[in-house]
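Pasting a structure below so you can have a look.
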Amino acid sequence: MKLSRKWLNEFVDLGSVGDREFAEAMTLSGSKVEVTEVLNDSLKNVVAGRIVSMERHPDSDHMWICQIDVGEGEPTQIVTGAWNIHEGDLVPVAKHKSLLPGGVKIEKGKLRGVVSNGMLCSLKELGLTAEHDYPEAVITPAALLNDYKPLNPEKPSIPSDIVPGTPIFGSVKAARAVKVDCGSVFTVTCDCGGETVSVTTPCSNIHVGDLVALNTQSQHICTLEDLHAQQAEFPHCIPDGIWVLNDLDDVKPGDDMAVVIGADDHVVEFEITPNRPDCLSVIGLAREASATFGKELHLHTPEIQGCGDSIANYVDIEIEDGDLCPRYTARLVKNVKIQPSPAWMRERLRNSGVRPINNIVDITNYVMLEYGQPMHAFDFSCVDGGTIVVRTARPGETIQTLDGNVRELTESMLCICDQDKPVCVAGVMGGANSEIIGDTAMVLFESANFNGASVRRTATALNMRTEASARYEKGLDPMNTMKAVQRACELVELLGAGEVVDGVMDVIARDSNPVTVELEPEKVNALLGTDVPEAEMRRILLSLGFTLEGNTIFVPSWRSDVEHNADIAEEVARFYGYNNIPNTLSSGINPRRGFSPIQKAENSIGALCRSAGYNEIITYSFISPTYYDKIDLPKDSPLRTSMRILNPLGEDTSIMRTTTLPSMLEILTRNYNYRNKSARFYELGRTYFAKQDGSGMADEPKVLSLGAYGPEMDFFTIKGAVETVLEGLRISDVRFTAERENPSYHPGRCAKVYAGETLLGVVGQIHPHVAANYGVDCELYAAELSFDALYASMGARPVYQPLPKFPAVTRDIAVVCDRTVPVADLEACIRKGAKGLLKEVALFDIYTGTGIPAGKKSVAFNLTLRADDRSLTAEEADADVKSILELLESQLGAVLR
């Protein structure tokens, strides 16, 4: 936000406060100053000067030797090639050792042997333009025949021996200027070859002796356009010349041009944080300056005369979605006169970084800068049916915006429409179909409040970033719309730009109640570590526009960032002064802190993985859509339904992952390509799934991923790592079942992991085809376990058990069963068949050789049995083993070998 200090002084008189003091104080009170620019630092020793006399340069056909009164007693001599100046003109003079914008330095010298003590300046040389800054200075050059240079010397369009009276074409004849009278228009007495006529012309480049083309029928002097000539044929007849200041009031020789053009201003650029949109305005920063320096704030209440008509006769307004447009305020102006804004308005806009356009457009920009409320002006004749409808776009609708581009609108984009079509993208940019142009007769001023998130999404989707959208997306004060439109209409009357129709259309679709916070001085001081008196707190809050009734603070509508007692404490701290808060040493007494149960579980998982030899990695949560193809994920898999990033860095990082497997395989592949012989990694990372409530938010479950490869790695090794984690988390009733349907894993070396009936995840070898997709020709292993399932299945905290007092009894059993029976099922059956004495089961052999029938296998287990209160007898141990064998035979067909 660029702030003109001259403009600021209209609201807060800061007297002699310098730029450095101002910047430091405002920064300390929370309004960070980025840069302070003194505009006249780039314009030095340039003054207004009156041309006393002019004579042609003896060695040039287009240069003049001018004597200039610059307010120093004796005139100064300057040589110039400008053709649009005359004796008596007031012009900008860059004197000896002057500085112009762009770092251009001017010093005295000689031009074709004649001393020149400086230079006369054009608008461009002063860093200005006629089109936007001083439109009244636009030059209309006449076609001077004595300046004619034929493009083809062998075929000139005008003969070199032309004299007054020579016909050129039609009623156009050559004429010589014998007298030139200057004024708002020029009166030129012309010799037409024996006949003398006087004509008026806007052309300011004619001097006595010049040969012009005179249309004797219409009595006007021809321009290049009239002669259908090219600029190259008349090289000195150009629209860019010396800036003539005759029309500027109160300018005299010797006046500093920096003051004349408003460059005597100091512009302060602020970095405004998103929570303070009220400071994106002169009035908002004036409030801050008033509180910072303890100066009175002078605010203005707009006054409007009106013209007696009623806006209800012309306009109707409908709001279809009050959540996206809480308030819409409008006023109508008729008999509009489109013309340049006055110099003072153009100066303020220019110093604030806004280009002047015309009076109506400038008024909307001026009010936006002053009040912080973006406004839009419609050519009301382009609003079909006289109805403004605030609605979202319909399918297939488009709009050509003011920048000339045709935009395709989506159904989520809020638009301002007439009864048939969009005429504005709400909060972003107006449509070309309602642009203010020269023949605009009726203007509708829009001052509305739009949902900030909606404007931000629309501006991003359309790739349009404007001053209006930058303000709206931060959330503006809905109470500001009325003040802004009233100020705009006051300026219309002040500038004579039209007649303001009586009445205001103010549609409030959503009421907003004032926010209240209780003033609790003790809590504020406890939070800040201060002892600020309550009276001082009240003074600070009142100076910022808060109101108090007893201890109830009513937050002003423009301070949407204040909601809690901590926010009140921040306001007190800002203006009490952070530098005034005393430094104190810590007491050394800190409250007990600790990890939450979930954090403890995460830390335990990490420690268990590291104890198994796995190193932690952290990968990006956004991936490429092609990753799903690399892990052979089916086309109809729900895991392919990923949340897309609106502004991705590229296609490779355009979606949020629904599985962590591609991320783990990318890291394994990178290490394999770096020729690391083996690698073991783990990550506790998030996956992302869109919520089903339409909020656009995501569920973000965490997944424990393990990944490994190397000469010592196989299925049982990574399964052992998973068992280490599960055992460390005290998860009981763990079982592994074969998994043959997961396309990312080897169908014969993959298992689902359960805790009871809860699915924890999957572990196994990566499918060779998937490994080939990654360019790896060795076996890759991975595991994916749901953290939420692990956390829910964790056992209770371990309780100390004394070492057993009585000896254990061991038995070895070997059973023959079908080869298809999983060992895990045998172990589960053994545990189920025991009668309470079984403590441990350990597999120690699987045999399928000689002596074992075809299709069968021998599986041997070591059983440890013990009683906690006595020594077991052989009979008790044999009874348990018998029960186990009976259950194995009845349920799994496994018989004792």
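Along the sequence shown, the residues carry numbers beginning at 1. Scope of the values below: all heavy atoms of this structure, side chains included, with no hydrogens, waters or symmetry mates.
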| request: For Glu840, look at atom CD and say whether over 12 heavy atoms of other residues, nucleotides or ligands are found less than 6.0 Å away. | output: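 12 or below, so no.
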
| field | Charged N-O contact under 4.0 Å between Arg811 and Asp878 | value |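 Result for this pair is yes, salt bridge flagged.
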
| field | Name of the residue among Val815, Leu863, Val841 meeting side chain to side chain contact (heavy atoms under 4.5 Å, CB included) with Ile884 | value | Leu863

| task | Calculate, to the nearest 0.5 Å, the distance between atoms NZ and CZ belonging to Lys719 and Phe736 respectively. | result | 4.5 Å

| CG of Leu704 to CG of Leu684: how many Å apart, nearest 0.5 Å? | 6.0 Å

| Rounded to the nearest 0.5 Å, what separation is found between the OG atom of Ser654 and the CD1 atom of Ile623? |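 It comes to 8.5 Å.
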
Contacts table for residues 523-530: side-chain donor-acceptor under 3.5 angstrom, sequence neighbours left out:
{"unit_1": "Lys523", "atom_1": "NZ", "unit_2": "Glu520", "atom_2": "OE2", "d": "3.4"}
{"unit_1": "Asn525", "atom_1": "OD1", "unit_2": "Thr530", "atom_2": "OG1", "d": "2.8"}
{"unit_1": "Asn525", "atom_1": "OD1", "unit_2": "Val532", "atom_2": "N", "d": "2.8"}
{"unit_1": "Asn525", "atom_1": "ND2", "unit_2": "Pro521", "atom_2": "O", "d": "3.4"}
{"unit_1": "Asn525", "atom_1": "ND2", "unit_2": "Val532", "atom_2": "O", "d": "3.1"}

| task | For Phe622, enumerate each residue passing the ring pair (Phe, Tyr, Trp, His ring centres under 6.0 Å) test, keeping only those at least two apart in sequence or located in another chain. | result | Tyr620

| request: Run the salt-bridge test on Arg574 and Glu570 with the 4.0 Å N-O cut-off and return the result as yes or no. | output: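 Salt bridge absent between Arg574 and Glu570.
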
| query | Can you find a side-chain donor-acceptor pair between Thr619 and Glu683 that sits under 3.5 Å? | reply |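 Note: Thr619 and Glu683 side chains meet the donor-acceptor criterion.
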
| task | Taking only Lys NZ, Arg NE, NH1 and NH2, and the carboxylate oxygens of Asp or Glu, determine whether Lys630 and Glu666 approach each other closer than 4.0 Å. | result | yes

| said: Closer than 4.0 angstrom, basic N to acidic O: yes or no for Asp818 and Lys856? | reply: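 Answer for the salt bridge query: yes.
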
